Amino acid sequence: GTYEPLGATRTEAADARVIAATNRDLEAMVADGDFRQDLFYRINVVNLWLPPLRERKKDIPMLVDHFIERFSRLKKKEITGVSPDALEALTSYEYPGNIRELENAIEHAFVMCRGATIRARHLPSQIRPDSGDAPLAGSFDELERQFLVESLEQNGWNRAATARLLG
């Protein structure tokens, strides 16, 4: 609760809490001499262990909904959810980058998605089951059709609004 600012002659009061997180075994690092013991005991007041995302697959749909809601607000883009194939791809992936990788995948999908629903093709290549394919594969006619369908979805199938959007 107190500290002395550098160069000051009096102690100041502080009402702060420090929360630190790591994916390393700090106790083992202290034993190996790779982490300061005094610092470990200072920060190790409450120790919470959270399993990695790959061991909590049932949390992924809830997290996806949370990130979609968050990015919808931040980016002012109306995306309402993910398709079943996208959810399958998201829950099948192992996430070596843990929850931040899932968050980045949803943000990536926001950039790639033109409609209201994130599909597997909008996900980063390492997450898509067909990662060898380009996200927009096919003939020009197929690409144009896909673009128009996604634009219509984005505008609730309103043709006039879609036409205005596309100029």
Side-chain angles (χ1 to χ4, degrees), residues 13-26 29 43-167:
D15 184 15
R17 179 170 294 144
V18 175
I19 299 174
T22 183
N23 61 354
R24 301 212 178 167
D25 183 352
L26 292 182
M29 290 176 69
I43 65 173
N44 193 31
V45 176
V46 176
N47 192 343
L48 298 174
W49 181 80
L50 204 62
L53 189 55
R54 66 183 161 273
E55 294 177 17
R56 298 181 293 133
K57 298 279 186 161
K58 66 181 182 280
D59 292 348
I60 291 174
M62 175 195 61
L63 290 166
V64 166
D65 289 343
H66 166 74
F67 290 134
I68 286 174
E69 183 180 312
R70 187 166 143 238
F71 287 126
S72 289
R73 272 193 325 271
L74 289 173
K75 300 191 180 299
K76 294 176 178 40
K77 191 171 182 179
E78 273 301 314
I79 291 186
T80 57
V82 296
S83 66
D85 63 324
L87 188 59
E88 173 64 30
L90 288 164
T91 54
S92 298
Y93 186 65
E94 289 299 309
Y95 296 99
N98 221 343
I99 195 165
R100 285 186 185 94
E101 188 174 13
L102 173 61
E103 181 180 17
N104 290 343
I106 299 301
E107 187 171 12
H108 174 97
F110 259 73
V111 171
M112 301 304 290
C113 183
R114 292 246 183 240
T117 304
I118 293 172
R119 305 198 184 286
R121 69 178 174 268
H122 301 132
L123 298 172
S125 61
Q126 71 270 18
I127 293 177
R128 286 193 317 265
D130 61 340
S131 62
D133 297 339
L136 298 173
S139 70
F140 180 77
D141 289 339
E142 291 169 9
L143 291 174
E144 184 179 40
R145 181 186 179 287
Q146 176 184 330
F147 179 75
L148 289 172
V149 167
E150 289 179 2
S151 297
L152 283 163
E153 284 177 355
Q154 183 179 0
N155 289 292
W157 294 92
N158 181 319
R159 292 181 299 183
T162 302
R164 278 192 301 277
L165 174 75
L166 299 176

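Model, not experiment: these values are computed from the prediction.
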If the condition is salt bridge (Lys or Arg N to Asp or Glu O under 4.0 Å), which residues does [X] pass it with, not counting sequence neighbours?
{"X": "R56", "result": "D59"}
{"X": "E94", "result": "K57"}
{"X": "R114", "result": "none"}

Counting N and O atoms only, with roles assigned by atom type, does the side chain of T117 sit under 3.5 Å from a partner on the main chain of V82, one being a donor and the other an acceptor?
no
Do the side chain of R128 and the main chain of L123 share a donor and acceptor less than 3.5 angstrom apart?
yes
I118 vs F110, side-chain contact (heavy atoms from CB on, under 4.5 Å): CA-CA, chis, key distance, verdict:
CA-CA 8 Å; I118 293 172; F110 259 73; 4.3 Å; yes
As an exercise, state the distance from [atom1] of [X] to [atom2] of [Y], rounded to the nearest 0.5 Å.
{"X": "I106", "Y": "H122", "atom1": "CD1", "atom2": "NE2", "value": "12.0 Å"}
{"X": "I60", "Y": "L87", "atom1": "CD1", "atom2": "CG", "value": "8.5 Å"}
{"X": "L102", "Y": "L53", "atom1": "CG", "atom2": "CG", "value": "6.0 Å"}
{"X": "I79", "Y": "F67", "atom1": "CD1", "atom2": "CZ", "value": "14.5 Å"}
{"X": "I127", "Y": "T91", "atom1": "CD1", "atom2": "OG1", "value": "11.0 Å"}

Search all heavy atoms of [X] against all heavy atoms of [Y] and return the closest pair with its distance.
{"X": "A86", "Y": "A120", "value": "CB-N, 3.5 Å"}
{"X": "Y95", "Y": "R54", "value": "O-NH1, 3.8 Å"}
{"X": "P51", "Y": "E55", "value": "CB-OE1, 3.6 Å"}

Only pairs at least two apart or in different chains count here, so list each salt bridge (Lys or Arg N to Asp or Glu O under 4.0 Å) that has a residue in residues 61-75.
E69-R73, R70-E103, K75-E107
Below 4.5 Å, heavy atoms only, C-beta onward: do R119 and C113 meet side chain to side chain?
no
N23 side chain near N98 side chain, heavy-atom distance below 4.5 Å
no
List for me each residue that meets side-chain contact (heavy atoms from CB on, under 4.5 Å) alongside R100, sequence neighbours excluded, and say none if there are none.
none
Partner set under side-chain contact (heavy atoms from CB on, under 4.5 Å) for S92, not counting sequence neighbours
E88
